[in-house]
4 protein chains.
Amino acid sequence: VRATPYLIEGLGHLSTVLVDDATGSAAVVDPRRDVDVYLDAARDAAVRITHIVETHLHNDYVSGGRELAALTGATHVIGAGAELAYEHRALRDGETFDVGGLRFTVLDTPGHTPEHVSYAVADTSRAEEPALLFTGGSLLVGAVGRTDLLGADHARAYAADQHRSLHDVLLRHEDSVAVHPTHGAGSLCAAGIAPTPWSTIGYERRNNDYLRHRDAEAFVTALLAGQPAVPSYFARMRPLNQAGATLLGGRVPEPRPLRVDEVDAAVRRDALVVDLRTPAAHAAGHIPGSLSIPAGSSFGTWLGWTVPHDRPLVLVLDDPAAWDDAVRQLLRIGHEPVLGYLRGGLRAWADAGQAVEPGASLTVAQLERTLGGSQVERPLVIDVRQPSEYDAGHVPGSVHIGAGDLPNRLAELPHDRPLVTICASGYRSSVAASLLRQAGFRDVSWVADGVPAWEACGGPIERGGATREDEREATPTGAAHAH
Amino acid sequence: VRATPYLIEGLGHLSTVLVDDATGSAAVVDPRRDVDVYLDAARDAAVRITHIVETHLHNDYVSGGRELAALTGATHVIGAGAELAYEHRALRDGETFDVGGLRFTVLDTPGHTPEHVSYAVADTSRAEEPALLFTGGSLLVGAVGRTDLLGADHARAYAADQHRSLHDVLLRHEDSVAVHPTHGAGSLCAAGIAPTPWSTIGYERRNNDYLRHRDAEAFVTALLAGQPAVPSYFARMRPLNQAGATLLGGRVPEPRPLRVDEVDAAVRRDALVVDLRTPAAHAAGHIPGSLSIPAGSSFGTWLGWTVPHDRPLVLVLDDPAAWDDAVRQLLRIGHEPVLGYLRGGLRAWADAGQAVEPGASLTVAQLERTLGGSQVERPLVIDVRQPSEYDAGHVPGSVHIGAGDLPNRLAELPHDRPLVTICASGYRSSVAASLLRQAGFRDVSWVADGVPAWEACGGPIERGGATREDEREATPTGAAHAH
Amino acid sequence: VRATPYLIEGLGHLSTVLVDDATGSAAVVDPRRDVDVYLDAARDAAVRITHIVETHLHNDYVSGGRELAALTGATHVIGAGAELAYEHRALRDGETFDVGGLRFTVLDTPGHTPEHVSYAVADTSRAEEPALLFTGGSLLVGAVGRTDLLGADHARAYAADQHRSLHDVLLRHEDSVAVHPTHGAGSLCAAGIAPTPWSTIGYERRNNDYLRHRDAEAFVTALLAGQPAVPSYFARMRPLNQAGATLLGGRVPEPRPLRVDEVDAAVRRDALVVDLRTPAAHAAGHIPGSLSIPAGSSFGTWLGWTVPHDRPLVLVLDDPAAWDDAVRQLLRIGHEPVLGYLRGGLRAWADAGQAVEPGASLTVAQLERTLGGSQVERPLVIDVRQPSEYDAGHVPGSVHIGAGDLPNRLAELPHDRPLVTICASGYRSSVAASLLRQAGFRDVSWVADGVPAWEACGGPIERGGATREDEREATPTGAAHAH
Amino acid sequence: VRATPYLIEGLGHLSTVLVDDATGSAAVVDPRRDVDVYLDAARDAAVRITHIVETHLHNDYVSGGRELAALTGATHVIGAGAELAYEHRALRDGETFDVGGLRFTVLDTPGHTPEHVSYAVADTSRAEEPALLFTGGSLLVGAVGRTDLLGADHARAYAADQHRSLHDVLLRHEDSVAVHPTHGAGSLCAAGIAPTPWSTIGYERRNNDYLRHRDAEAFVTALLAGQPAVPSYFARMRPLNQAGATLLGGRVPEPRPLRVDEVDAAVRRDALVVDLRTPAAHAAGHIPGSLSIPAGSSFGTWLGWTVPHDRPLVLVLDDPAAWDDAVRQLLRIGHEPVLGYLRGGLRAWADAGQAVEPGASLTVAQLERTLGGSQVERPLVIDVRQPSEYDAGHVPGSVHIGAGDLPNRLAELPHDRPLVTICASGYRSSVAASLLRQAGFRDVSWVADGVPAWEACGGPIERGGATREDEREATPTGAAHAH
C-alpha cells in the first residue's frame, strides 16, 4: 500500500491517492476539483481508480469527486448523511468496502460537519488491524477541525460531537496507526495545523494540544476560540458539493488572450479586471477600477472573499503562464466566468492610450517619515491583518480592520486624510488598498513588507487592543495569514 | 511569421501551426483529431488560435477542426464545396482573410478532391507577394496528391483537374515561394512523397517528376499508375469529416486496465482482442482469436483496414504506457469503442489459467531449410507485400496476396499445407498470419525480417510476375510499406 | 516536515528526501547513483539540500552520495565505521545534527553491516521526541535486513548484533514513531519485505514476524534461513562505495546509436551484445552470441550477475527510448563501459546480411505434448527459479538449477537431449536459455509464462526436493523473483 | 531532411538542428552554450549528432560547439580562418562533408567576420542542387550582418567583403534555395532583421533592402549607418570562442538558495546583488546598492553591458523558478560566478531587519504633473533609449543618454535636481535609474510604460536632435530595444 498526499498550498487541502499495487487498484480520498493530477498518477502507476472516497461535504472547496467519477467510472462513496444529488454510494457507520486488498471501514465522526465520517483502512495482506485512518476534518496534524463553519447556532453542539468523535472513535486506535487528514497547514478549517501532511495516533495523542482536553466543556471552549474568520465563498461550497459541480471533462479551460479593445468592451459591460501582478506593479500603475489580488497560493481565497462568484473576470498577468494556476484556483472555489487575460499586459494597455492609474507603496522608512510629519498630512494607518496578529504587535496608532471586513466598514474611514494599509508582507495591504481605491478613497498607499519589516528596522511596537468577539467573526484571514 | 509542421508518422500527415508573433495570432492548417498539441503550442507561445484552415475533406483521417474550434472559439474555414454540416466559414476562390498580419488568399485547386483549395499566404509586414503556400493534397514534396480516392469513375477527370491546378494555379507562383503540403512521407494519398516536410516552388518545379509532364494526358497516366491501395477505413472519412466527428473535450480517453475476468467476459460478448505486442511475442503465445497488430506508427492504419469501426476492442500491450499512442491512432481513424487493456498483460492471462495459443515465426535460415525439405512438409510461402515490392524481388515459388486482401482470397489457399507469410520485416506478415489463424488455418508461420534478410543472407531471388491491375486495387499497403 | 520516498523497483531501493519547509532545508537519505531525481525535487520545492545521510556502506548499489555532495555542496554524513576515502563527516552513536528544524540523532545499529547506523529524527517545531526513524538495513517493513552479505563467517555474529540493534535500540521507541527503511520489496537485502514504503514501530512490533523472536538464538536461525542468493556484482559494491564512485556531473550518458558495421567491429574486438528485447523477440531471432536480458526493473541485477563489470556492452533495444533506463540501471550496479546501441534494431542487422540466430520458446501446451513424446526427443526440463519456488511446486521430472548458477553447472547437462528452461514467467528462463546457447548447447528452448501457466492449465505438479543448504548459497534469485 | 530552428529570443540567436532521418544523422549549426536542447532533440529523434557546424567566431554569445563535441563525440567544423585552440576540423572554400545523405559545401563569405563561411546543403536523395544555405551572419532575413563589430578600422573593408559575399557567392543560388541564418530578430549583429526564422533566396532578392544596392559603395554606406551599439561583453566573445569555453558537462548549475546572512556576508566581500524582479518591485523597495536588471529575454545582454564578467553575483528573484533561465543567459554571455539567490526574496531580507531602499516610478500622468510644477522641483528627464528612438519622438525637454552609456556620462548630470529616466517601457529606465542611484544620485525615478504611453495619453512630442555619430558608438540598445 502506498499513500501519496497531494497538497494545495493556499487552501491547505490534502487529498490522498491510496494504491494497492498487488491488485492494481486505487482510491482517491477527498479529491480537488481539477482532477488531472489523479488521472496522471493512476496512469503512471498503471492502476485503476476504483473508489472516490469523501469524508464530508466540504466547506472550503469544490469537490472533484463527481468529475473524477465521470472520467474513471469509479464508485463515489460518502457518509449517508451527505445526501448527494448525483450518483454515489451512501455508507453507514461500520460498513466496509475493499479497494483491492485494502479494507475500508466507515466510522461516523460528526463534528466538523454533521455527516462527517472517517475511514479506517487495513492492509489485509499484512494484518486485519487498521494501518491508517483518513480523518478528513476531525483529527488533524497538530489541530482539530473547527465546528463553527455551518453557523454559530450549532457550533457548540458540533464541538461536543467532535469531542466524542475524537475520544470515543479515533483515539481508540493504536498509537501506531497513521493519520491522514484532509485539512493541512494553511487551511481555514482549523487553527494551528502543523505543516506535515500526516502523523500517527500516538504522536498526536501526546503532542496535539486539543487532545489534552479530556473534559468536553474545556475542549469546546478551546476549539471555538481563536478560529480564523472565513471568506464569503465558503457559504456556497456545501450546497454546491451536495448538488454537484459542473463537469469540466478533465481539462482546465484554455488561456484566452484578449486584445485591449476586447478588455475595454468587457469592462464597459460588466467585467471586473483582476490584477494578479505583484503589489508593487499594481502600485506603479494599473487599469482604473481593477482589483489587486496578486498571484500566489492565496489568490483564489481572496478572490472568493471579495468578488461575487458570477462576476465575469478579465485577468492581468505578469506572464501568460500564470493563467493555468489562476484558473485552477478559481475552479476550486467555484468561480467560473473568466473571459480571458489582457494580452501584452499593462504595457499593451498603456501603449494603446488607455488610462493608467497609479497606486502607492511605502517602505517602512518612508512610513516612519510620514508618521513624523505634520498633523495635516499624517495618514491613518489601517492594520488589515488578523486580530491575533494585531494583538501580538502593531504600529502605534494604527487601527485594526481585517482586509476582508473593509467593505463593511468603509463608513468609519475619513476621506480627508491619507490612508495607509499595512499587513505582514504587502499582499493583504495591497488587496485592501485597491478595495479602498475602488470605494472612492483617493490617497491610499500600503506598506511594503509590513509590520515584520517595521519591527525588524526598529520601529516602535504596541501590543493588544484589537480582539473583540464581534470583530473576530468578520475578519478575513487564513490562507493569506502567511503573507 | 513562424510555420511549424507537425508530423504524424504513420499517416504521413502534416499539419501546420502558423504564428504571427507581432499580433499574437495563429492559424492551424489541417489539424489532426487529437488537438492537444496545438493547444499546447498556442499556450507556450501565448498566442490565440483565431483560424482553423482546412484545404479539403480528408480521406485518410478524422479532422480535428471541429474539436479545435469548440475549444478555442476560432473560425473554421474551408473551401465552399465542402459543405460541412457544422459551423464554419465557406470560402470561394480569390477570397481573403487575415490572421494578424498574415493574409490568406483562397485558390481553387481541385483534383485530389473536388472541393480542394490551397492558400497563398503573404507576410504583409514584409511584402504583398506570397511567402508560402498551403497546398494540402495538390502539390506535395516530390509528389502530387492522387485523384482516385473517391472511386475509379472520377479518377481521370480529377487527375486532369489536378494537372490544371498545378500548372495554372500553383506553379504560377515564384520559385521562392515555400510549399507546405498536408500529405508527407508515409501517406497513402500519394506515391513517392519525400521525407521533408516542406519545399519551395522552384525546387519542386525542377525536381518533382510529376511536374515534368506538361502534357495532361501523360500526367494523368503517370498519376494513376503505381498508387498504393488504401485501407477500408478511408471510405468512412469523407462523410465523417463532412458531418463532424464527436467532440472529445480535448482529452484522450483515460487508460482502463481490465482484469482477466473482465476481458474474458467482454470477448464472450463481442469484443475483439487486439495484440499490440511485437510479432515475436504474439508468435510465442497469445490469446486465442486475438489479432496481431503490433504497436507502431502503422497501427491505426492496419486496424482501420482489418477491423470494423464499431467493433469493441480490448488491447494487449507490452507496457501500459502504450495506451496513449494506440488510442490516439484509433481516434484519428474514427475507431471509438475501446473497452480497455488487459492489466498485467499476457502473463496475467496465462497465470489465470486461460488458454494461450502459440503462433510461429521462422528465421530466414529456418525458412531455407523448410523449403529444402520433403514435398509433404513444404510450405506455401505467401508474400503479403505490395505488388511493386513483390515484382522487385521475392522468394522463388512464393505467391503474392497483399495482407489486406487476404480476407477476400482465403478460398484460394490450401488447408493441407503449412502456410508461411513473408513481408519486408515481420509486421505485415504477422498481421497476415494472425488473420489466417483467425480464419481457421492451423499451421501458419511468418518470416522474421522478411525478404530483405532473405536476400541479404544470399537466398535466391525471383523478379516480376505480380502486378495485375485488378490486384492493385485490392492490395493493402501504404503506411506499412516501410516495414 | 515532509518525507518523500523514492523507490527503485528492481533493486527494491528506497531513498528519502526529507524537507523542512520552514527553513528551506532538505536531507537526502541513502541516495541512488543517478541523483537528478533529488536535484529536481529540491529545485521544485526551492529548498537546499544541506545533508546527505547514509545509513551504511551499501552492498546492492552504488551510492550517489559523493555525486550529490559534489553537485550541491551538502555535508555527507555516515557512521564513523564506514571510513570513506573521500570527504565526509563521520558520526558516532548519540551525535546529533540539524537539518533546519529537524534534529537527527545517530543510533549505532550494527547487524546488516558492522558500521550500520540508524537516525532518529525529531521535528523540533512540534516536540523533542522522535517523529521518525531512518532504519536503513536494520528494521524493514515486514522484514529485517539480512546479515550474511559480508560472508558466511560473520553471518551469525552479525545476526546477533542485529537482534540487539532491533530490541535494545529501535524497538525502544514509541509505537507511534514512523519507520523509513532503505530496503523495500524486491531488495535482495532481506526476505519477505512488504510492498509498503514505510511503517510504524507499533505496527511492526505486532506484525513483523522477525520481531517475535525475543530469543536471540531463534532469531539468528530464522534470519539466516531462507535468504535469497545474491548476484555476483554485490561483492564489488562495498569497496566501491568506500572508495567513491566516478562522478558523472549529474547526467546520464547520452544514447549512442551505432551502425551495423560499428557493432560488428566492436563484437570482433571484445564487446558483448546484450539483447534487451522481450524473451519472445530473442527467441524469434537474435545476434549470434548475444545474451538475452530483457528490459525491465531486474535488468541491472541480472546483468550484474552474469557479465563482468568491465566488459564493454552493445545494447539491442526494442525502442531507443529504453536507453535511459538501461544505462541508469547499469550505473547503479557500477557497470560503466557501454559502447552504444544498435541503431535500427535487429531488422537493420538482418537487412545488412548479418547472421540471425533463432531461439525457441514453447507454450505450456507445447511443453505438454513434447513431454508426452518418445524418449529420444523428450527434453530435459531445467527449473531455473529459486529453490523455494521449486519446492513449492514444479513440473514433474524437471531438475533444479538456479539461472545464475547455470554457468557453474554446465558439466552436469547432456548435449544429446533438448534442454528446456522454465521459470515463473519467461524472464529467467530466457536468460538461462541464452546462457546455455552461449555455452554451446544447440537445442535449447524456454517455456512462455512458466510454471504458473503450467499449473493454471492443469499440468501435474510435484513438490519439494530442491532445497539443500549448499545449493542455496549458489542460487541467483531475488529481484527477478517476481517474474 | 528536417531543419528545425531554435531561437533564443533576447539574443536573436538562431541555431539549427538538421536531421537526415534515412541515415539517423544530424548536424547542429552554430549551437548555443547550453546544449541540452540539442541533446534532447537527438534523443527524441533517435539520431546521432555527427557534426557541429560553425559559420564564424561569434561576437554575441559563447558557442556551445566545444561542449557539444565533448558530450557527443561529433566532429566540430569551422572555416579555416577561425584557428580554434581546441580540437576541430578546419575547412576551406569548396570543401565538402556529408551528414548522412546531406552534402555540405563550404563557401567563403567574409564580411561579418573575416573567417566567416556559409554552407550550401544538398539533399542528395533528391537532387545534387543545394536545397538550403546556412548563411550565419552574412545574408539574414530582411537584413545583412553588420561588419563593424571588430572595430571601426576594418568596418568598411569588411563591408565591401560582405557585398562580394552576397552578390558573388550567395545570390548566385537559385531563388528556390532556403536561407537559414544565425542572427534573427533581436540580434545586435544587424539592424532590421525580420521576425521569421528562415526565408528563400528569391524572396530576399526581391524584398531585402540591403540587396538592392548593386553598387558596393552605396551598400557599404547603408550597412554602416544605423547599426545599434553593442554591449561591452561583445569584446570578450571572439577570443573566448577561439580559446574554447569551460565545459559544463551538459548541466546548468543547480539553484543555490542563500540565507539572508549569507547574502549579507557575500555583499560585504565583493558580490553584487542583481535584482531580477520587475521594475515596479525594485521601485517599491530593494536591497541598497543592488542593480535592477529585470528578468526577461534581455537580462543577459544588459548584465553583460553593465557588470564586469568576473564579479560574483547574488540574484534576487520573484520566483526561484527564474533561476534556470537567468543562469542560462549568464552562461551564454560568459558570466560564470553566480553565488546563488536570496531565499525568501526581499521579504526575508526585510523581515531580518536589513535595510530596504525605495526607488520611485511615475505614471505618465504623474510625470505630466511634475513637469508642470515649479522650476525648483522640475526634474531632468533623461531619455535612455536608442538615438533613433529618441529622434523619432521624445518628451519635450528630455535629454538623450543611452542607458548603457550612462556610466560614462555621469559628470554631465546635476545633483540638485530630481532625475527621471524614461524609455519605451520601464525596463531600460529602471536599469538606468538603479545605475544612477548606485552612482550616488538621490532623487531618481523612472516612468512606467515610457514614451509610448506618454504619446498614447496625448503628451506633447518633440522629434529629432539626438543622433550624432560619436554618440551612436556608445549607446547601448539592441535586444532591449523591444522594451
Side-chain angles (χ1 to χ4, degrees), chain B residues 1-7 9 14 18-24 44-46 100-102 121-133 141-143 171 173-180 184-186 192-209 297 482, chain D residues 1-7 9 14 18-24 44-46 100-102 121-133 141-143 171 173-180 184-186 192-209 297 482:
Chain B
V1 52
R2 288 184 292 117
T4 306
Y6 288 83
L7 172 67
E9 257 190 59
L14 289 161
L18 192 73
V19 168
D20 182 51
D21 281 305
T23 60
D44 289 351
L102 309 176
V121 183
D123 175 1
T124 60
S125 72
R126 289 202 71 199
E128 293 302 313
E129 66 171 88
L132 48 87
L133 284 167
V141 179
L171 291 176
H173 289 83
E174 293 278 359
D175 275 3
S176 62
V177 175
V179 174
H180 287 264
I193 312 175
T196 295
W198 58 268
S199 185
T200 57
I201 286 288
Y203 193 88
E204 293 308 311
R205 198 192 302 279
R206 287 188 302 277
N207 298 306
N208 184 324
D209 284 344
S297 59
Chain D
V1 50
R2 288 184 293 118
T4 306
Y6 288 82
L7 172 67
E9 258 189 61
L14 289 162
L18 193 72
V19 168
D20 182 52
D21 281 306
T23 59
D44 289 351
L102 308 176
V121 183
D123 175 1
T124 60
S125 72
R126 289 202 69 199
E128 292 302 312
E129 67 171 89
L132 48 87
L133 284 167
V141 179
L171 292 177
H173 288 83
E174 293 278 0
D175 274 3
S176 61
V177 175
V179 173
H180 288 264
I193 313 175
T196 296
W198 58 268
S199 185
T200 57
I201 286 288
Y203 193 88
E204 293 307 311
R205 198 193 301 281
R206 286 188 303 278
N207 298 306
N208 185 322
D209 284 345
S297 58

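Each chain gets a letter, A, B and so on, in the order its sequence line appears, and its residues count up from 1. Atom set for the values below is all heavy atoms of this structure, side chains included, hydrogens, waters and symmetry mates excluded. Since the model is a prediction, treat every value here as computed from it, not as a measurement.
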Region of Ala22(D) that comes under 4.5 Å of a non-hydrogen atom in chain B = neither
Atom of Glu129(B), atom of Asn207(D) and distance for their closest heavy-atom approach = OE1-ND2, 3.2 Å
Side-chain (Ser176(B)) to main-chain (Asp175(D)) donor-acceptor, under 3.5 angstrom | no
Portion of Arg206(D) that has a non-hydrogen atom of chain B nearer than 4.5 angstrom = side chain
Does any heavy atom of chain B fall under 4.5 Å from the side chain of Asn208(D), the backbone, both, or neither of them?
-> both
When heavy-atom pairs shorter than 4.5 Å are enumerated against chain D, which of Glu174(B), Arg205(B), Arg126(B), Glu204(B) gives the highest number?
-> Arg126(B)
How about Tyr203(D) and Thr200(B): do any of their side-chain heavy atoms sit closer than 4.5 Å?
-> no
Where does Val19(D) contact chain B at under 4.5 Å (heavy atoms): side chain, backbone, both or neither?
-> neither
Segment of Asp21(D) engaging chain B (4.5 angstrom heavy-atom cut-off) = neither
